[in-house]
Amino acid sequence: MRRTLSAAAIWLVLLALLAAAALLSPGFLDPAYLVNIVRQAAPVGIAAVGVTLVMILGGVDLSVGAIISFAAVLCAVQMEGRVENIPFALATTLAASVAIGLFNGIVIAFNRVSPFILTLGTALAVYGLTQVYSGGTARGVVAPGFREFFNFRLGDLVPVLALTFVALAILAEAALRTTRYGRSLYLVGSNRAAAALAGLPIARLTIATYAISGLLAGVGGIALLARSGVSSTFAGRGFEFDALAAVVLGGTTFEGGRGNVAGTVAGVLVLFVAFNMVNMLGLDYNSQLIVKGVIIIAASAAYTRLNRDPG
Amino acid sequence: MIRRLPALLARTGIYWLLLLLLVLASAAIPEFRTPANLANVLTQSAPLAVLAVGQTLVITAGLIDLSVGQLAGLVVVLVCALADGSSAAAVPVVALALLLAAAVGALNGVLSNRLRIDPLILTFGMLSVLQGVIFVWTDRSIGRAPPELLWLANERLLGVPVSLVLVAAVALACGAILRRSRLGLHLAALGGSEESARRVGVPTARVRLAVFTLSGLSAGLAGILIAGRLGTGYPMAGAGYELDAIVAVVLGGTALAGGRGSIAGTLAAVLVLGIVSNALNLLQISAFVQMVAKGLIVIAAILANQPRARTRVVAA
Amino acid sequence: MERRSFLLASAASALVATLGGPARAQTDRAAQERQMNETVDTTKFKKAGPYTVGVSAGYLSNSWVVFCLQHIKYEASRHKEIQNVLVTDAAFNPTKQVADIEDLVSKNVSLILYWPVDEKAIQPALEKAVQRGIPTINTGGGFTYGPGTVSNAFIDQWLLGEMVAKHLAADMGGKGKIFAMLPIAGTTAAVDQLAALKTVLKDHPQMELLTAEHGDWNRAKAKQITENLLQRYPRIDGVFSPAGQMSIGVAEAFEEAGRLKQVIMSPGDEYNGWLKWVQKHRQGGAVTFPTRAGQEALKLGLEVLAGKPVKRGIRIPSEYIAPKDVDKYVEPNRPDDWWASTLPDEWKPS
Amino acid sequence: MEAELNQPLLEARGLGKSFGGTVALDGVDFAAFAGEVHAIAGANGAGKSTLMNIIGGVFPPSAGTLHLAGAPALFDSPRAARAAGVSVVYQELAVLPLLTVAENVHLGRSGGFSRRRLVAETEALCREWGLPLDPRAVAGELSIAGQQLIEIARALAGTTRVLVLDEPTSVLSLGERDRLFAIIAELKRRGLLVLYVTHRLEEIFAIGDRVTVLRNGRKVATLDVSATSQAELVRLMIGHDVRERFDLPPVPSAPRRIEIEGETPRGKVRLTLNSGEIVGLAGLVGSGRTRLARAIAAVDREWPMTVRIDGKPLRLRSTGDAIRHGIVYLTEDRKRDGLFRPLSIVVNASAASLGRFSRWGLLAPKPEREATEAVLRRLRLVARSLHAPVSELSGGNQQKVLFGRALLCAPRLLVCDEPTRGVDVGAKDEIYEILMDLAADGVAILLVSSETKELLALSHRLLVMRDGRIVREIVGRTDEHAVLMAATGAA
C-alpha cells in the first residue's frame, strides 16, 4: 500500500505542478508547449534513464554530464558538416560513450571503490579529454539535416527528439519489468552478496549497466547537439546533478534494489516544469539550484522513511 | 607485525611519493627549487590543507562532507561583501563568518541525525543549496577582503608564509582531537562501525554533530584563506574544493570507509597535489592535460585506498 | 536548465565577461575616456630581448579566446626577439589564476598578457608582477584601471551596444516591441549594452522594450528563455542580441514557434554560426568583436618593453557587417563555434 | 538464592513490545537479584533478544516497566543503560577492530582523556579480574574469544551492576568456555547480577542459579536450576519433546556418486556423497565447516575444490556454474547473503533459476509464478500473497523461501549451512521434513549444523571437521559425546 503510494506520489506532484502552472499562465497547457518541455528535458532525461538503471543496481554515475559534453563535441566534429558522415559520427560517438561507461563498470566491478567518487574522477578526466580533443572550442560542423530530423514535428506536434526520449524510457522500463537483465538489476541492487550466492553474474551486470549508462549519456549528448547545436565544450556540465535529482525524485534510492524508469521520467518532468515556472514567474534563475538541492535532500529523506524495513 | 607491513608501507607511501616528487621536480625544473617558488607552493596549498585536515576527521568518522567547497565559497563572498576592505571590520566579520560556517556544518549534522540519509547525498544536496544561495546573492565578485586577510593568505614572515602558521595550528588542533581526545576516539569508533559504537554507548548523534560542525568550521577557515588569496568575493571561489579535499585525504592514507585517519598523511598529500600542479605549470603542460591528470589521480587514489579484503574472522 | 556554475563559465567564456567589476553608469564613460588616454611611463619596464611572453588565460575552453590566443602566437612569430610564449590556463578557477600568475613571475617572464576569470580576484597577484617590473596587459575584455594593469587592448561594450541598437532601430523602422538578450547579469557587457540600448531607444519613442533577459552567452539557455518569452508575449517584433552565440538560440526558438517571419533580429557578432544564419536569412548582420585584440595586446606589450610611452588603453574598434556583405566573412565549412578573423590560414586553430 | 530479604536488582513488570503488528514480547514479569547468575532460556523467536534489547536500552518497551534496584529505569539509549550500570555483551561483538584493546575498553565513557591512563587503567583492570588481554594490542588482531573478553572488560570498567551475556559460548572453544565460566563465577562472587541468555541447556545447569523460560514472547516460568531438569526445560521451551531420530529415507541402491576433493591450508580434503544421502558435517566453530561448505559450491575460492559427479569432473568457476550443475548452497545467514528483503516472495524464490524462466532474455512470468507457487506450496509456506515483500515473513517462512529457491534449481547436491538457525520450533520440524523429502527424491544433502542433536537425528552419516580437515567419519548410531571428542581432538 505504502509502496503503491510512493510510486504514484511523483505523478501526483507532476499533476499538481501542471495545474498550478496552468493557473499562472493559460499558455502552459498548450499541447505544443507541453511537448516542448518534454523536448527540453530530453538530453537530461535520456541520461537519467541510464542513471536509474545504475542506481537500481546500487551504484551511481556522476560522469554522465561529462559524457554528454564529450559526445556532443565528438559527434559534431565527426560529422564535418556532411550528411554522409552522420552514420559514422553517431557510431563513433556512441562507441566512445560506451567505452567510458565500460571503464567505469570494469573498475567498479573488480574493485571495492566508491562509485560516487570514481565516477566523479572519471568526469574530471573526460572533461579534460574533451578539452584536449577539441582544443577548447566546440569545433565541428553539424551536418545539414541532422538537427532538422530530430526537431521535425510528427503530426506537426511531437518532435522526434521528444519521441526518442519517451521511446527510450519505455524501452528501459519494459526491460526492467520483463527481462532477465532487469530482474537481475533489482536482485543485485537489493542484496549483492545474496545475488552472488544465487549465481548471478554480478561483474558482467555491473559492467553492462555502466556501459548502458554511458551509452544513454552519449545519446543525451547527441540529443543536446540536436536541440541546441554546438555551443560549448562544457555543454553538459551540471546535468549529472539534474539527472540525479530526477532519479531520486522518481523514487529510485541510493541503496539500490528499488525504483523504476517511469518514476524518473516523472521526476525529470517535475524538475523541468518547476524550472520553467521559475522562469515564467520571473524568479531568480539561481533559485533553481536551491530547489534542486532541497529536492535531493527531501526526496531522499522521504523515500528512506517510506521504505524503512519494518523487520 | 609482518602482517601489518603492507599496511605500513601503504601508510607511509605518501611520504615517499612526496620526497620523490621533491627530488624530481628540483632536479628537472630549476625555477622549482627557488625559495620563492617553494613558498608559493606552500601559500597556494594552504586553503586546501585546512579543508582537507577537517575532512580527515569527517572521513575518519566514516562520513563525508561534499558541501565544504561551496561553504568555503559562501564564506569568501560573505567576508568580502561585509568587510569590503575595511580593517576595522576584519575581526567581527571573520568571527561572524566562522560562526556561520560552523552553523551550516551543525545543520548538516542535525539533518544527518534527523533524516537518517546517507551523508553523501545529504551534503551533495547541501552543496547545491549553498551554491544557489551564493548565486542568488551575487553572480559576480563583490566586496574586498580586509588587508589583514591579504596579509594572512599571501605574505611571509622571515621567509615563511603566514598562512603556514594557520595551517599548522589547524593541523595540530585536529591532530589533538584525533589522537588525544575522547571525541577522537569516539569518531574513530563511529567510523569503525556505527552499530558497535552505538551499542557500547558512544553518543553517535553527538559525535556526528560535532564532526560536521568541525568540518564546517574548517571550511570557514579555508574560506577565510581563499578570501585573502582572491581579495574579493568571487561566487565560485569554492567550487571543486570538496573533491580535492577528499582526494588529499584518501591519498594521505585515511580509509574512505572510516575508522582510521592520518592528519600528517593528508598534509603530505596536499603538498603532493600542490607540487604536481606547480611543476606541471612550470613545465608548460596545458591545463586540459592537467585536468585529465587530476581525474586520473582521483581514480588512482581511490583504487589504491580501497578496503582490503575483510579482516574480520568469519565465524564457523 | 543549466547550472549556475555553467552560466558563469560561459559568461567568462565570452571574452566580454572579463570585466566582472561593478556596474558603471554612463556618467563614468567620461572618466573612462580620460583614464584610457592617460600616458603611461614605461621606462621602468624597459628591457632588452630576448623576451619570454607569459599569457595567463582565465580560461581557454572558448572559441573567441582560442582565436585571440592564436593572434598572440601569430604576432609573436613575427618578432625574432620573442623567444618563447608561455601559456597558463586557470580553467575558470581564479585561485588557480592567482597561482598561475605567481608561477609566471617565478619563471621570470618579460611580459604578462592576461584575461581574467575574475578581474578583482587577480589584482593583488598582478600588482606583485608589476612591482617586480613585469608589465601586464589586459587583453580583450573591458577597460581595467588599476595598479595591476599597465595597459589595456580592449573592446568597448558600450559602443558595441550602441551600434547594435542603432542598426536594430533602423531595421525596424523605429517602431515595435522588442526584448533584449544579454550576457550574465552584472557584467560590464550586460550593463553597458543595456545602457547603450536604452540611450538609443530614447530617440525612438515608438519602440518598446518588453524585458531584458540574461542568456549568459549560452545558446541553449537563450533558446529556453525565448521559448518562455514566446509564451508570455503574443507579439514580439524585434530582438536586441549583440552576442551571435545567443542570437542563434533566440532565432531557433522563433523559428520553431513559427514566428520567425514576424521578428527582426539585431546584428550579432562575427561568430561563425551566427554569420551562417545571417547568410541564410539575409537579415541581422553583425557588429564585430575582433579576435585580433590578442595581436594588438602583444604589439602594445612590445612597445612597453621598448620603454616607449603608451596610452593606458587602446580601443579595438568594432565594425558593422551588413547582411549583404556577410559572404566575405562567413566560412560555411568551418564550425559554428568559430570566428571570422584576419589570421592567416596556417595560424587558425586546427 | 531466593529473594528472602533483599529487593530485586532488576525487575520487569508487564514488559511488552510489538513491532508493527507482531507482538514480540507480551507482559513479561521477572525479578533477578544481585549475586546470581540468572539464565534466560527460550527457543529462537521466544523473545529473548527483544527482552535483552529493552534491558540494554536499544529500544524502549511498548508496555510495562523496568526497575533497577527498585527505581524505574527508562533507558533511551545503550549509553543510558550503561550509565545506570547495565552492560550487554551481544553475540555480535561490538568491538572496533582498528582500535586498541585499551581504547575499546574505554569507549563510550565520558570524562577526561589520556591515552596513557587508558592503558594503565586497562592493565590494572585485566590484572584484577585475571583477563588475559594486552591493552596495547589492536582489537582486530585478537581471536573472537579475545574480543569477547574486551567486551567483558568494558562492562567491568564501568560501574556495572548487571551484565547481560547473549549466547556467549557460541563462538568459543571448550577451553575458552571454561575460562569464561570462571570469570562469571568471580563476577557472581563479587555481587554482580549476570543475566545469561542461551538455548544451551547444559550451560544453564553448569553455571545458572535460576532460569526464566520464555516461549512465544511470554514468560512461562522462573525456576531454581537445582530443582529442575533438562527434560523439563525443553518441555517448557518448546512445548513438546525433540525427537531423537527421524526415520530417514533409505539411500537408493544405485546412487549417483558425488566426489569432492580439495586443498585446504592444512592438507587435502576428500568426501563423497551419494544421491539421497544426508551427510552431516560437524565441528566446532572455526573448524572450517562453513568454509568447506562454501568452497564446494564455489562461493569462495580460497580453498580450490574439484567436484566429480559419477566420475565426471565439473568446471566450477562461479556460483552460477555450480548452480547450473545442480550444486546449491543454502546460506547460514539469511539476512547477509540470503534474502532480497525489499523484493517479493516470487522474485526471491526464482532468483537462482532465472535461466529456466526466461527465453532470449525475456522473463516468462506465468511459468515463473506457477513453478514458484508449486514449490512453495509443497514447502507449506504461509504468506498472505506471493507478491508480498519477503521481509514480511517470519524466520521460518523466510527459510522456506530459500529452500524454494534451491529447489527451483533442481539440485543434485544441496549444501545446507545451519538451515534451522533463527527459526522457531515448529518450523524446525518442517524443515527436517523438507530435508528428508529431498533426500527421498534423490538429492544428496550436506548438512552443516552446530546443533549436534540435529545432526545426529538427521544424518545417514557424519563427518567431523577439525582445523580445516575432516578428521573422522561416523557411520551408524553414535552420540553427542563421541562427536564432541572427535571435534575437540580428545579422541
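Basis for what follows: all heavy atoms, side chains included, without hydrogens, waters or symmetry-related copies.
Nearest heavy-atom pair across D:A94 and B:V200 is O-CG1, 3.5 Å. In terms of heavy atoms, B:R206 sits closest to D:R79 at NH2-NE, 3.5 Å.
With rounding to the nearest 0.5 angstrom, the CZ atom of B:R182 is 6.5 Å from the CG atom of D:L118.
Both the backbone and the side chain of D:L107 come within less than 4.5 Å of a heavy atom in chain B. Neither the backbone nor the side chain of D:V448 has a heavy atom closer than 4.5 Å to any heavy atom of chain B.
Of all residues in residues 192-199 of chain B, those placing a non-hydrogen atom less than 4.5 angstrom from a non-hydrogen atom of chain D are B:G192, B:S193, B:S196, B:R198, B:R199.
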